[in-house]
Amino acid sequence: MILIFWISLFIVVYTFVGYGFLLFLLIKLKRLFVKKIVFNRDYELPTVTILVAAYNEADIIQDKIKNTLELDYPKDKIQIIFITDGSSDATPDKIKPFTEITLMHENARTGKMAAIKRAMPMVKNDIIVFTDANTFLNKAAIKELVKHYQNDKVGAVAGEKRIMVEELADASSAGEGFYWKYESYLKKWDYELYSNVGAAGELFSIRAKLYQPVESDSIIDDHMIAMRIAEKGYIIAYEAEAYAMETASANTKEELKRKIRIAAGGLQSTLRLKKAANPFYYPVLTFQYISHRVLRWTVTPFLLIIAFLLNIFIVAETGLFLYKILLIAQILFYTLSLAGWFFESKNIKIKVFFIPYYFCVMNYSVIAGIFRYLGKNQSAAWEKSKRK
């Protein structure tokens, strides 16, 4: 019982904190022997196609179009495609007047991956940039992404996701904002060590020639597209100066809906990306992939519960001081989480309580997502979460 407790606790701490520390130490060591890549700012810019899949985004689509057309990139080297399949509102009609944009629309809603597959024959350029309809890019985003393709080993480049957090943030804003800041550090260090282990649909790019269609029922298609390229031996770069901004989920209920879907997709991708999980192909990639993704999407949330229950039994059986301290620490953490839930329900905004609450919500969503996927209750069609 004690052995299982310590193994469980070790994996939990390693997943959420330890991997970050280990990664930081590894890149410090790497910097002693390997020089940082210096990019040539005067190189010939590649041609780019921007793909935007939009579903019922009539309220925001014109802002997205304006943002896209104002990007700092040569107009003769950029192609813009919006796919609005399944939209039942005015989204397609609001795009039609813009002659700079190729609009693709079908009434049938078959999922984001199916829409992207349908658009691929229209792509004419060297680099494909994927971005969501409800996110806004900084003007230099495309130039910052494509500079990494000077390295022939780079097959994809992920941008940074930034959450716009108001000063008096609620649980979804404070928790999501903190989570993505931490994630950004991990992605930066992952790339510096070797490669990122996925990409977020808010903003990422790939070499068009490396695009490989993934299964149409893929739940987190962006992650799958990038990882299939990594499985070919290419690097997924990360660029913090190319960023996509969006507001946080409208509330924790909406964030939970989004997280459960991602967790279901996480398990699905783990089962399908067999080469990434096999250290005999690319051992460093496998180490990063399992440490950063697989543990979070599979065993760690269950080990949180096991560690807590075993801690109770060990204290009851032995009464040892160390285990009492560990149990008190766990109880305090979950009490703060409950306080966060209570304060959110009363619309009282105290950030210190929201981060433990968001952590618990995030891990609950993984468990719920796993059961949803195993129960075959998760559709590939993207579900809109309400945003602030």
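Values below: every heavy atom of this structure, side chains too, minus hydrogens, waters and symmetry copies. Because the structure is a prediction, the values reported are computed rather than measured.
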- Test salt bridge (charged side-chain N to carboxylate O under 4.0 Å, His left out) on E183 and R296 and set out the steps. CA-CA 13 Å; E183 270 295 288; R296 290 189 191 185; 2.8 Å; yes
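- At least one donor-acceptor pair under 3.5 Å links the side chain of K232 to the backbone N or O of L210.
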- Task: Please step through side chain to side chain contact (heavy atoms under 4.5 Å, CB included) for the pair Q268 and E215, ending with a clear verdict.
- Result: CA-CA 11 Å; Q268 181 193 60; E215 297 84 345; over 6 Å; no
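- Classification of the F39-H148 ring pair by plane angle, with boundaries at 30° and 60°, yields perpendicular.
- Tested against F5 for a ring-ring contact (aromatic ring centres under 6.0 Å, His included), the candidates F10, F313, Y323 yield a single pass: Y323.
- Under a hydrophobic-cluster definition in which Ile, Leu, Val, Met, Phe, Trp and Tyr are linked whenever side-chain heavy atoms come within less than 4.5 Å, directly or via other members, L256 and I220 are assigned to different clusters.
- In terms of modelled atom types and a separation under 3.5 Å, the side chain of S205 and the main chain of I128 share no donor-acceptor contact.
- Residues I229 and R207 form no side-chain contact, since every pair of their non-hydrogen atoms from C-beta on lies 4.5 Å or further apart.
- The backbone N or O of I78 lies less than 3.5 Å from no partner atom in the side chain of N125, so there is not a single donor-acceptor pair.
- Ion pairing of E144 with R41 is present here, as a side-chain N (NZ or NE/NH1/NH2) and a carboxylate O approach within less than 4.0 Å.
- E231 and R272 are not joined by a salt bridge, as no carboxylate oxygen comes within less than 4.0 angstrom of a charged side-chain nitrogen.
- Shown here is I4, whose CD1 atom has no more than 12 heavy atoms of other residues, nucleotides or ligands within 6.0 Å.
- Residues I83 and H105 form no side-chain contact, since every pair of their non-hydrogen atoms from C-beta on lies 4.5 Å or further apart.
- Within a 6.0 Å radius of OH in Y14, other residues, nucleotides and ligands contribute more than 12 heavy atoms.
- A donor-acceptor pair is defined here as one N or O able to donate and one able to accept, closer than 3.5 Å; such a pair exists between the side chain of K30 and the backbone of L193.
- Under the 3.5 Å distance criterion, the side-chain polar atoms of E239 are left unmatched by any main-chain donor or acceptor of L145.
- K153 places no side-chain N or O within donor-acceptor distance of the main-chain N or O of G233, the cut-off being under 3.5 Å.
- Taking the six-membered ring for Trp and the full ring otherwise, the centers of F98 and F82 sit at least 6.0 Å from each other.
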- Any chance you could lay out the salt bridge (charged side-chain N to carboxylate O under 4.0 Å, His left out) test for K187 and D190, step after step, and finish with the verdict? CA-CA 5 Å; K187 289 177 180 181; D190 270 335; over 6 Å; no
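- Q150 and N40 form no side-chain donor-acceptor contact under 3.5 Å, judged by distance and modelled atom types alone.
- With respect to F287, the ring-ring contact (aromatic ring centres under 6.0 Å, His included) criterion is satisfied by exactly one of Y19, Y282, Y194: Y19.
- Atom NZ of K188 has 12 or fewer neighbouring heavy atoms from other residues, nucleotides or ligands inside a 6.0 Å radius.
- For the pair D222 and F204, the minimum side-chain heavy-atom distance is below 4.5 Å.
- A heavy-atom distance below 4.5 Å is found between the side chains of L303 and I306.
- At a threshold of 4.5 Å between non-hydrogen side-chain atoms, the residues K112 and D132 count as touching.
- Between the side chain of S87 and the backbone N or O of A54 there is at least one donor-acceptor pair closer than 3.5 Å.
- When all heavy atoms are compared, the tightest approach of I27 to E192 is CD1-OE1, 3.7 Å.
- The aromatic rings of F24 and W189 are tilted relative to each other, their planes meeting at an angle between 30° and 60°.
- The cationic group of R109 lies under 6.0 Å from the six-membered ring centre of Y55 and within 45° of the ring axis, placing it in a cation-pi geometry.
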